[in-house]
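Let me begin by presenting the structure, written as structure tokens, before commenting on it.
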Amino acid sequence: MEIKTTNERMYALLVLFDMHTSFYSKAISGITTRDAHNRLNTKANHVSWLAGSLVEQRYELANMLGIPGNQAAHNLFENHQGIIENATYPPLSEFNEDWDKISPLLRDALMNVTDAKLNEQIDMGSEKMSSYDLIAFIIYREANCIGQIALWRRLLGYEAIKYD
């Protein structure tokens, strides 16, 4: 996929964004709803929470860049809430549908983001950061969460993620 950004700072981030867009669907592929909720008797976030939090994060970033909307399971993730004990999260296919819906819209917004927007300061409460720094962190977090899902695949007895 060709990458032509209006801001050269975004090129490398978009390369990663495109990788994550593809890896996400591959990471959750074939995992049953039961397994997606399995925490293997730990306090670790299960696959359903990881998958849904990634979708929520893309929608939040899209909102920041002027694209309105929320994922279908927004109420389970709003305000950056952690995993809700004993909650039944939607099937991974629902998260994947929302991922597929927001990703091309967000990609377009990231390709066309202006210097002014990237330089905007965001008050995070205890610190301030630029929009660019927040975007970079979010794309880093995507890699982290997809990696966790890839590990869960192996721990739950699934084939490793396919990167083809």
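- A donor atom on one side chain and an acceptor atom on the other are found under 3.5 Å apart for Arg141 and Ser53.
- Between the side chain of Asp98 and the main chain of Val55, no donor-acceptor pair closer than 3.5 Å is present.
- Using a 4.5 Å cut-off on side-chain heavy atoms (C-beta onward), Leu14 and Tyr11 make no contact.
- Between the side chains of Asp133 and Ser130, at least one donor-acceptor pair of N or O atoms lies under 3.5 Å.
- Leu54 places a side-chain heavy atom less than 4.5 Å from the side chain of Glu142.
- Note that CG of Leu61 and CD1 of Ile102 are 9.0 Å apart. Values are rounded to the nearest 0.5 Å.
- For the pair Leu13 and Leu110, the minimum side-chain heavy-atom distance is 4.5 Å or more.
- A distance-only check finds a donor-acceptor pair linking the side chain of Thr21 to the backbone of Phe17 [under 3.5 Å].
- Note that Arg58 lies outside the cation-pi zone of Tyr24, set by a 6.0 Å cut-off to the ring centre and a 45° limit from the axis.
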Verdict with supporting geometry, Leu156 and Leu40, side-chain contact (heavy atoms from CB on, under 4.5 Å) | CA-CA 8 Å; Leu156 294 166; Leu40 297 175; 4.0 Å; yes
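- For the pair Asn119/Ser131, no side-chain contact is recorded, criterion being any heavy-atom separation below 4.5 Å from C-beta on.
- The pair Arg9-Asp115 meets the salt-bridge criterion, with a side-chain N (NZ, NE, NH1 or NH2) lying under 4.0 Å from an Asp/Glu carboxylate O.
- To the nearest 0.5 angstrom, Ile138 atom CD1 is 5.0 Å from Gln57 atom CD.
- For Phe77 and Tyr89, the gap between ring centers is short of 6.0 Å.
- With rounding to the nearest 0.5 Å, the separation of CG in Leu106 from CH2 in Trp99 is 9.0 Å.
- A 4.5 Å side-chain heavy-atom check between Pro91 and Thr32 finds every atom pair outside the cut-off.
- Rounded to the nearest 0.5 angstrom, Leu16 CG and Ile139 CD1 are separated by 6.5 Å.
- Ion pairing of Glu159 with Arg154 is absent here, as no side-chain N (NZ or NE/NH1/NH2) approaches a carboxylate O to less than 4.0 Å.
- Among Asn144, Leu151, Ile146, the one residue that satisfies the side chain to side chain contact (heavy atoms under 4.5 Å, CB included) test with Gln148 is Asn144.
- The number of heavy-atom neighbours closer than 6.0 Å to NZ of Lys101, taken from other residues, nucleotides and ligands shown, is 12 or below.
- For the pairing with Ile135, the side chain to side chain contact (heavy atoms under 4.5 Å, CB included) check across Met10, Lys117, Met129 returns one residue only, Met10.
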Assess whether side-chain contact (heavy atoms from CB on, under 4.5 Å) is satisfied between Phe95 and Leu92, documenting all intermediate values.
-> CA-CA 5 Å; Phe95 290 131; Leu92 296 176; 4.1 Å; yes
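- In this structure, Arg153 contributes its side chain and Ala27 its backbone to a donor-acceptor pair below 3.5 Å.
- Put simply, the residue from Gln81, Gln71, His80 that forms a side chain to side chain donor-acceptor pair (under 3.5 Å) with Glu56 is Gln71.
- Taking 4.0 Å as the cut-off between side-chain N and carboxylate O, Arg39 and Glu85 count as a salt-bridged pair.
- One distance of note links CG of Asp108 with CD1 of Ile67; it measures 7.0 Å at 0.5 Å rounding.
- The two residues Ala51 and Ile149 come nearest to each other via the heavy atoms N-CD1, 4.0 Å.
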Where do His46 and Leu50 land on the side-chain contact (heavy atoms from CB on, under 4.5 Å) test, with the steps shown first?
-> CA-CA 6 Å; His46 54 54; Leu50 290 164; over 6 Å; no
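- Side chain of Asp123 to main chain of Gly125: a donor-acceptor pair is present (N/O by atom type, distance under 3.5 Å, no hydrogens or angles).
- Side-chain contact between Ser48 and Thr88 is absent, with no heavy atoms from C-beta onward closer than 4.5 Å.
- Within the model, atoms OG of Ser25 and CG of Asp100 stand 5.0 Å from one another, a figure rounded to the nearest 0.5 Å.
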Start with the C-alpha distance between Met111 and Arg107, add both sets of side-chain angles, then the distance that settles side-chain contact (heavy atoms from CB on, under 4.5 Å), and finish with yes or no.
-> CA-CA 6 Å; Met111 285 181 60; Arg107 184 180 195 276; 2.9 Å; yes
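- No donor-acceptor pair under 3.5 Å is formed between the side chain of Asp35 and the backbone N or O of Ile31.
- With hydrogens and angles disregarded, no donor-acceptor distance shorter than 3.5 Å links the side chain of Asn45 to the backbone of Trp49.
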